[in-house]
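So you know, we letter chains A, B, ... as the sequences are listed, proteins then strands, and number each from 1. Since the model is a prediction, treat every value here as computed from it, not as a measurement.
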Amino acid sequence: MKIVTWNVNSIRARLENIADWLRTHHPDVVLLQETKCQNHDFPLEAIEDCGYNVAVHGQKSYNGVAILSKYRIEDVINGLPPFTDDDQARYIEGVTNGVRVASVYVPNGNTVGSEKYHYKLKFLDHLHDHLKATLLYEEAFIIGGDYNIAPTDDDVNDPAGWHEKILCSTPERKSLRAILNLGYSDAIRIHHQGKGPYTWWDYRSGSWQKDDGLRIDLLLLSPQAVDRLAGSGVDRDPRGLEKASDHAPTWCTLL
DNA sequence: ATGGTAGACGATCTA
């Protein structure tokens, strides 16, 4: 069972790229972030034609998350419990093919110390509490998403340039580590040590051409999911295409 | 160069 997380930076602007990728790789589950449209504007039929059921939690212009699955998607939760009335659409959870999955779009935070930064840290606290509670179910649970945090300097091509900047500041990294310390595992780091792989390259300054990337898109696995983990990786290829998202799809496979 | 590029949306905001 292959599960993917991908920040697509607008589902409508990326529809051709995404549909091509789905038809080539046919993953079982795809956790999308930054769909950037209201539910009634989501290109439902085009995705269904690729062979997927869809659960969406969108809003106008910004954010927006979705779950695509070849299997039925049940027990869907829109919004991060218990703050499911948050006006920013950043979390969706459901159960598919016996696996609990979630797609999370953690706030970017703008700059360290800003109002948006404090909102980011608060969101991470809420995420921590929800993932702590859900761990008690003792299920295979995978939380894929754009965490907007590079866990360590190994996840950054240019750590000096990003030192204590947004995505790399110590408080953000501590918040992420607190979630991992609950008992969740960063799937990529089970199979890949050392520098990289990266998942995001800024559109600006030729970051892609210089491979000046960061690994901020993660798949966090409950112990029961790790028991079934077979492999993981990042598919860099879509980042090099015309009309690419600035993020690459990150995947793992379960036995 | 407090720059650079992309998307939504229709002037800026977000990333």
Study note, to complete from the structure: From CH2 of W208(A) across to C1' of dA15(B) the rounded distance in Å is 19 Å
Revision key, fill the gap. Against the side chain of Y105(A), the closest entry in dA15(B), dC9(B), dG7(B) is dA15(B)
Review point. On a whole-Å scale, what distance lies between the C1' atoms belonging to dA11(B) and dA1(B)?
Key: 24 Å
Point to revise | d(CG, D212(A); P, dG4(B)) in whole Å | key: 17 Å
Check your understanding: Taking OP1 and OP2 of dA6(B), is either one under 4.0 Å from a side-chain nitrogen or oxygen of R12(A)?
Key -> no
Review point. When the distance from CG of N17(A) to C1' of dA6(B) is rounded to whole Å, what number comes out?
Key: 14 Å
Exercise for review: Kindly point out which of dA15(B), dG7(B), dA6(B) is positioned nearest to the side chain of N108(A)?
Suggested key: dA15(B)
Check your understanding: Is there a side-chain polar atom (N or O) of R90(A) under 4.0 Å from OP1 or OP2 of dA15(B)?
Key -> yes
Point to revise | W201(A) CH2 - dG4(B) P separation (whole Å) | key: 23 Å
Practice item. Tell me whether the OP1 or OP2 atom of dG7(B) has a side-chain N or O from R14(A) closer than 4.0 Å. Key: yes
Exercise for review: May I ask you to say whether K165(A) pairs ionically with D158(A), meaning some side-chain N is under 4.0 Å from a carboxylate O?
Suggested key: no
Point to revise | Carboxylate-amine/guanidinium proximity below 4.0 Å for K195(A) and D211(A) | key: no
Check your understanding: Between H247(A) and W200(A), what is the ring plane arrangement, given parallel below 30°, perpendicular above 60°, and tilted in between?
Key -> tilted
Practice item. May I have the distance from Y147(A) (atom OH) to dA15(B) (atom P), rounded to whole angstrom? Key: 18 Å
Check your understanding: Would you say dC9(B) has OP1 or OP2 under 4.0 Å from some side-chain N or O of K36(A)?
Key -> no
Practice item. By nearest nucleotide on DNA chain B, pick out whichever of E34(A) and A13(A) is the more 5' one. Key: A13(A)
**Study point:** Gap in Å between the two P atoms, one belonging to dT2(B) and one to dA15(B), rounded
**Key:** 22 Å
**Study point:** Identified side chain to side chain contact (heavy atoms under 4.5 Å, CB included) counterpart of W6(A) within the set T250(A), I18(A), L68(A)
**Key:** I18(A)
Revision key, fill the gap. Side-chain atoms of Y62(A) come closest, of dC13(B), dA8(B), dA15(B), to dC13(B)
Check your understanding: Between atom OH in Y203(A) and atom C1' in dG7(B), what is the gap in whole Å?
Key -> 8 Å
Study note, to complete from the structure: Side-chain contact check for S10(A): nearest option of dA8(B), dT14(B), dA6(B) is dA8(B)
Practice item. Ignoring hydrogens and angles, tell me if any N or O in the side chain of D28(A) forms a donor-acceptor pair with the backbone of I3(A) under 3.5 Å. Key: no
Study note, to complete from the structure: Value for NZ (K116(A)) from CG (N108(A)), rounded to nearest 0.5 Å, stands at 9.5 Å
Check your understanding: On a whole-Å scale, what distance lies between the C1' atoms belonging to dG4(B) and dT14(B)?
Key -> 15 Å
Review point. Expressed in angstrom and rounded to an integer, what is the separation of N148(A) atom CG from dT14(B) atom P?
Key: 14 Å
Exercise for review: Ignoring the backbone of K60(A), work out which of dC9(B), dG4(B), dA8(B) is nearest its side chain.
Suggested key: dC9(B)
Exercise for review: Write down the distance between CD (Q88(A)) and P (dA15(B)), rounded to a whole number of angstrom.
Suggested key: 7 Å
Practice item. Could you check which of dC9(B), dC13(B), dG4(B) has an atom nearest any side-chain atom of S61(A)? Key: dC9(B)
